Asks: 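Below you will find the structure I want to go over with you.
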2 protein chains.
Amino acid sequence: MIRIGVDANGGDNGVNTTVPAAMKAVKDFKDIEIVLFGDEDKIKPLLTNNERITIVDTKVTMDMGEHDPVRAVRKMKDSSLDMVMYACKNKEVDCVVTNGPTQCVVVAAHLIIRRLDGMDRVALCPLVSNFDGNPRLILDVGANVELRPEHLGQFAIFATVAAKKVLKIENPTVGMLNIGSEPGKGREIDKESYDYLSNLEGINFKGNIEPNQIIDCPTDIVVCDGYSGNIAIKTLEGTAKTMGKMLKQEIKASFGGKIGYLFMKKNLERFKKRMDSSEVGGAMIFGVGAPVVKAHGNADSYTFYCAIRQVRKMVESKIIETVIEALPKTPKEEI
Amino acid sequence: MIRIGVDANGGDNGVNTTVPAAMKAVKDFKDIEIVLFGDEDKIKPLLTNNERITIVDTKVTMDMGEHDPVRAVRKMKDSSLDMVMYACKNKEVDCVVTNGPTQCVVVAAHLIIRRLDGMDRVALCPLVSNFDGNPRLILDVGANVELRPEHLGQFAIFATVAAKKVLKIENPTVGMLNIGSEPGKGREIDKESYDYLSNLEGINFKGNIEPNQIIDCPTDIVVCDGYSGNIAIKTLEGTAKTMGKMLKQEIKASFGGKIGYLFMKKNLERFKKRMDSSEVGGAMIFGVGAPVVKAHGNADSYTFYCAIRQVRKMVESKIIETVIEALPKTPKEEI
């Protein structure tokens, strides 16, 4: 049995999102048990089927707008987020799914579950929809504003294992986000990282990836520091959203547009779906000792279900055990 | 008379783009003269109207894929790009328009025209299309991979003048690109820059701008280092382009889509136009002693014409003279 811990109070809609998702997950996957960490009074009325679902009661919830994640994680030990992380640390569950505030999730995973030996940093790694329909792993997109070449190397190794295990890609390719395609491009640190990744064993490094390739990407994995990655991911999201708004506005602007819409409604829905990342679940937290998946704060039940499905796959495919094997064996100093 | 120097050999299509653009410009603006620096043998057959247009012959062209811009600019003094820059330095023309390779344009402007006193760096500043139809000034997007707070301050002052003069905005607002909206977000340098800009006189600073706001932006101006700005701009371009490809593919995928397209053809054309930056000309090079506008390498004649119109406005509105007034007066050490 795979035991999945769910932060049931998290996200913009709390139990209304997480509980239906958990019920669908236990129905679809007979090899999982779910522990819901959350407000029992709110969960129980929604829990029409409690086969392989248990509740650990807590009314305390991490605020979605929390500005001081380290303080919050340290102080709010009775929050649903902290509690599910402690349960994971204590091996009461095998993994964690949450749609809580991103920085709190990263910090809680880091401080409570703890980093793996050989991983000096924790990375936030979403699966990003791409033109060809195959999602890409992009990391880090916000856990660390600055990173050394060795950290990118560890992320590349971790993501290579994840791409093999979760996306079933045989020999995943790795690129590095940079402002030009040639090796000498970017800041000094980018040149160092390029050299480091070029010589790193165990990854299939293909060189620089320019930001305009991010949703039509020639590699399976893109590594970057969390500052650059966050800019790329947020620009992508903002552009997609604003373009969607513009398209809607233009279609509605004339009678011809409205008639045309009736004919191509399905086409436009498919278009929207291709840009939507919900199908692929959530962002993975790489670097700690257990699989953690963070869904969007505004994820709906289906998206949250996909995140549960994703974390199940990560446990089933023994991603952490394989990463431990893949990481360089010599114990490293803290960098 | 405003004397405009045009690098006629530049860009992907050379004289076929630049010559028709120049002819349209002299027809529309009676107060300009154009000097075309380029291959006379190729220009003459296209030049059906040479009123207020003269040619300075050179067959040499900067390669669009040039990897070593400093070397190229230093060695290729007989290239159309170097020649138009020297003509500007020697006051034979008042300003420059080119669609040559970006880094070579930045380097040539820097090395040949030279920086203004009080500007320690040169910035590349495109006008970026936005949801509300008003373009934003975003700088730097690629001239400098790393910048100090003072440099961002100088860029903010320069862009404030440009927004007033070129976009006719009375009291332009300034934001700083960052990965969070609160003051303490980002790298150490971002925190320093935030403090510096908050206390800088002569600009209307409004705080951090998150990357997802870049095409639906609450400020008129966004300052950033060239590495971050380049990531944002290229991600925006890549996302817009790929989404356009996806939309086309989905519409073509069914009979209903094709019928619908006939009804909403005009709507979709307007949508495309809104995302297209061609109407607003080119990227401005800020920091040197004369207006320089760099159009896209693949700009068509109309876009190149818009770039000529833009540089004319920069000269007419005395942008450089006003910036000199606006910059802090005390002579500064090279930073």
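Naming convention: chains lettered A, B, ... in sequence-line order (proteins, then strands); numbering from 1 in each chain. Small disclaimer: the values here were computed from a predicted structure and weren't measured.
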Asks: When only pairs under 4.5 Å are counted, which of B/Phe271, B/Tyr227, B/Phe263 shares the most heavy-atom pairs with chain A?
Replies: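 Highest number of pairs under 4.5 Å: B/Tyr227.
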Asks: Are the side chain of A/Lys234 and the backbone N or O of B/Glu210 linked by a donor-acceptor pair below 3.5 Å?
Replies: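 No, the answer is negative, given that no donor and acceptor are paired below the 3.5 Å cut-off.
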Asks: Output the option from A/Asn230, A/Asn178, A/Leu247 having the highest count of non-hydrogen pairs under 4.5 Å with chain B.
Replies: A/Leu247
Asks: Heavy-atom pairs under 4.5 Å with chain B - which of A/Ala240, A/Ala253, A/Gly226, A/Gly142 has more of them than the others?
Replies: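 Maximum pair count with chain B is reached by A/Ala240.
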Asks: Heavy-atom distance under 4.5 Å to chain A: side chain of B/Leu262, backbone, both or neither?
Replies: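 Answer is neither: B/Leu262 stays 4.5 Å or more from chain A.
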Asks: What part of B/Lys245 is in contact with chain A, defined as an atom under 4.5 angstrom from a non-hydrogen atom: side chain, backbone, both or neither?
Replies: both
Asks: Against chain A, label B/Ile215 side chain, backbone, both or neither, depending on which of its atoms sit under 4.5 Å from a heavy atom there.
Replies: both
Asks: Which one, A/Leu177, A/Ile231, A/Val145, leads in non-hydrogen pairs under 4.5 Å with chain B?
Replies: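 The residue among A/Leu177, A/Ile231, A/Val145 with the greatest pair count is A/Ile231.
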Asks: Which one wins on heavy-atom pair count under 4.5 Å against chain B: A/Met243, A/Lys252, A/Lys258, A/Arg270?
Replies: A/Met243
Asks: If you count heavy-atom pairs within less than 4.5 Å of chain B, which of A/Ser228, A/Gly184, A/Gly180 leads?
Replies: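 So the answer, after comparing A/Ser228, A/Gly184, A/Gly180, is A/Ser228.
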Asks: Which region of B/Phe255, side chain (C-beta onward) or backbone (N, CA, C, O), has a non-hydrogen atom less than 4.5 Å from a non-hydrogen atom of chain A, or is it both or neither?
Replies: neither
Asks: So, B/Arg274 and A/Glu250, do they make that salt bridge, N to O below 4.0 Å?
Replies: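 A salt bridge is present here (some side-chain N lies under 4.0 Å from a carboxylate O).
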Asks: With a 4.5 angstrom heavy-atom cut-off, could you sort out which part of B/Asp190 is near chain A: side chain, backbone, both or neither?
Replies: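 When you check distances to chain A, only side chain atoms of B/Asp190 fall under 4.5 Å.
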Asks: Look at atom CZ of A/Arg74 and say whether more than 12 heavy atoms of other residues, nucleotides or ligands are closer to it than 6.0 Å.
Replies: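 Atom CZ in A/Arg74 is not crowded, with 12 or fewer foreign heavy atoms closer than 6.0 Å.
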Asks: Between B/Arg187 and A/Glu146, does any side-chain N to carboxylate O distance fall below 4.0 Å?
Replies: no
Asks: Measure A/Ile214 against the heavy atoms of chain B and call it side chain, backbone, both or neither at under 4.5 Å.
Replies: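 For A/Ile214, side-chain heavy atoms alone lie under 4.5 Å from chain B.
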Asks: Could you tell me whether A/Lys241 and B/Asp216 make a salt bridge, using a distance below 4.0 angstrom between a side-chain N and a carboxylate O?
Replies: no
Asks: Are B/Ser254 and A/Asn267 close enough that a side-chain donor and a side-chain acceptor fall under 3.5 Å?
Replies: yes
Asks: Would you check, one step at a time, whether the test side-chain contact (heavy atoms from CB on, under 4.5 Å) holds for A/Asn212 with B/Thr235?
Replies: CA-CA 5 Å; A/Asn212 54 348; B/Thr235 304; over 6 Å; no
Asks: Pick from A/Gln213, A/Lys266, A/Gln249: which one has the most heavy-atom pairs with chain B under 4.5 Å?
Replies: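 Counting heavy-atom pairs under 4.5 Å, the top option is A/Gln249.
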Asks: If you look at every heavy atom in A/Tyr261 and B/Met264, which pair is closest and at what distance?
Replies: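 For A/Tyr261 and B/Met264, the tightest heavy-atom pair comes out as N-CE, 3.2 Å.
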Asks: Would you find more than 12 non-hydrogen atoms of other residues, nucleotides or ligands less than 6.0 Å from A/Lys191 atom NZ?
Replies: yes
Asks: Counting heavy-atom pairs closer than 4.5 Å to chain A, which one of B/Lys185, B/Glu182, B/Lys272 comes out on top?
Replies: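 With the most close heavy-atom pairs to chain A, the winner is B/Glu182.
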